Amino acid sequence: MNVSQTTTSRAAVAAVAGDGLPPGPKLPRSIQSLCWAVAGPRFLDRCYARYGTIFTLDINPYVMAGPAAGHEPNKRVFLTDPESIRRVLTVSPPELGVATTNRFLEHLVGPTSILVLDEPEHLEQRKLLLPPFHGERVRRYEQVMRDVALAAVGDWPTNRSFPLLPRMQEITLDVIVQAVFGIRQPNEIARFRALLRRMLDAATGARYLASQTLAVLRSGKHGADLASSRPTRRLLAPVDAALHGEIARRRASGDFAERDDILSMLMQARREDGSPLSDGQLRDELITLLIAGHESTAIMLAWAFERVLRHPDMLDRLRAEARTGDTAYGDAVVKETLRLRPVLPILLRELTTPLSLGGYELPAGTWVAPCTYLVQRNPDVYPDPLAFRPERFLDSRTPTYAWTPFGGGVRRCAGAAFAQLEMRVVLQTVLTHCELRPSRAAGERVHRRFITHAPSRGGRVRVVRKLSSARGSAANGAVCD
Ligand code: HEM
C-alpha cells in the first residue's frame, strides 16, 4: 500500500481506545501478532493508512523480539510524525524519562553493555565508547574496508545467482573484527570470525530459541535471567573465552597503551573518577560492538545493492565518482537506502512519566515505538516518498527527526559514521571491480527477519564479469573496463 495515499492527521477520525491509548486495529492480539509476524511492513502500511500518524498495536512480545522479551507489555503506541519522534528521542531522562527497552538482548550482551544501561550509567559508558567512532577517526578504517571487500569479491562465483546477504555478513564481520581488535593476521581474524559466526547463527537458530522458550515456560524467567540458563552459557562460552583471553593477553603485555584499535582505546579510557573499565565491562562492550557493528550494516549493504542494481544510471554515476575520489553521490545513495529500506523499522522506549504525544495523554509505563519505517515514507517530508532517489540528499539537508535509521538523541547509534563509511566504501569497491546484475528485474520485497527488515531473497545477484584485480591480485584503483 502506498502511504502517500494517506493524510497525516487521520488519528482524529478514530475513537480513543478504552485504555486511553490511541486507536488501532480491533483484531484480537493473536491475529495482530500473526499479521506482524508474516506481513510486518505491509501491516504497518495498512495501519498508517487506516489510523494515521499515531496508533496502537497489540502484539505478543514473543513475536516481536523472541522468548527473552517476555516481560514486555503487549501494547505499543507507534509514532510516525517527526515532532512526536523528536519529543520522545530528546526527552531529558532524569525529569521526564525514557527507560531502556533493550532488555531482551541482555542475556547475550551482558548487564553492563551500553545497550541495556539506564541513565546516568549509560551516558558515562557512552562517553568512553564514542571517541573511537568520531568521523575523523573512523576514516582510518577505510583501507581495511576496501581490502576486505576486494578480497571477498575474488571468491564470488561468476554467472551463477547467489544471495548477497551472507557475503555482506562475511565482509562486515571481518571489518569489525579488524577494527575492534586491530589484528591483521589472517588466521587470527578467521578464528574470531568463526567463533562469532557460530554464536550468532546459533543465537537466532530454531534449536536455541526452542530451548530458551522451554526455559521461559519452565522457570518464568525472561531477558537477563536467561543468561544463567545452560543453553545460553553453552552458546557464549567459546566467544567469552576468546574475548577474556585477548583482554588478558593485552593487560599482560601492556601493549594496549601504544595501540589505537577500539579495544586498546577502551582499555586506556578512564571515567571521571579516574577508574578504567573492568574486564567484565570490556567483555560486554566488545560483544555489543561485534553484534551491533556487523549485522545491521550487512543487511543495509544487501539493500543498497538491491536498489542500485535496478538503476543503471546510478551505477554509472557511482563508478564515475569512484574514479575521481569524490564521495558526495555515494554518501547520498547510502542515505537514501537507509531512508527507504531501514533495517530497524522501529525504536522502542518506555515512558517513565506521562507524556503528551500526537494529541494523546499517554500514561507512565506506556511503550512507544518511533517508527523509522513509516516516518521515512512520510509524503509531508519526502515528496514521492516511495521513489529511490539519492539526489534528494544532494539537494537538501537530512531532516533530523524524519531520518532516524540510527535513532536519535542520547542513544543515537555510536557506529553511525562507521556504518555509513563502510557502506559507501564496500559499495564502490564492489561495483568498480565486478559487474553485477540482479537475478530478477523485479525488486525484492521488504521481509521481516526477527527484529529487522531485510530483502526477501537476500539481495540475489549474478556476477557477469570480474576484473583480474578482483580475481586474486591486489588492485590499485583499477575499475571495470
Ligand atoms: C547501517 C548500520 C547500522 C544501523 C542501521 C544501526 C542502527 C542503530 C540504532 C537505530 C540504534 C539506536 C537504538 C535505540 O535508540 O534504541 C543503534 C545503537 C547503537 N549502535 Fe548501531 N547501527 C548500525 C551500525 C552500527 C555499527 C557499525 C556499530 C559499531 C561499530 C554500532 C554500534 C551501536 C551502539 C554501540 C549503539 C548503542 C548506542 C547507545 O545506546 O548509546 N552500530 N544502532
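Heavy-atom basis, side chains included; hydrogens, waters and symmetry copies ignored. Every number for a ligand or one of its atoms is a count from 1 in the order of the listing. If you're wondering where the values come from, they're calculated on a predicted model, not measured in any experiment.
- In this structure, the ring of F181 has its center less than 6.0 angstrom from the ring center of F192.
- The cationic group of R317 lies under 6.0 Å from the six-membered ring centre of Y329 and within 45° of the ring axis, placing it in a cation-pi geometry.
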Between ligand 1 and the protein, tabulate every N or O atom pair separated by less than 3.5 Å, reporting distance only.
from	atom 1	to	atom 2	distance (Å)
ligand 1	15 (O)	R349	NH1	3.4
ligand 1	15 (O)	R349	NH2	2.8
ligand 1	16 (O)	R349	NH1	3.0
ligand 1	40 (O)	H122	NE2	3.0
ligand 1	41 (O)	H122	NE2	2.7
ligand 1	41 (O)	R126	NH1	2.6

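- Counting all heavy atoms, side chain and backbone alike, Q376 lies closest to Y382 at O-CD1, 3.5 Å.
- The aromatic rings of F388 and H311 lie tilted to each other, with the angle between the two planes from 30° to 60°.
- Annotation: side-chain contact (heavy atoms from CB on, under 4.5 Å) contacts of E170 (sequence neighbours excluded): none.
- By the 4.0 Å N-to-carboxylate-O rule, R392 lies too far from D384 to be salt-bridged with it.
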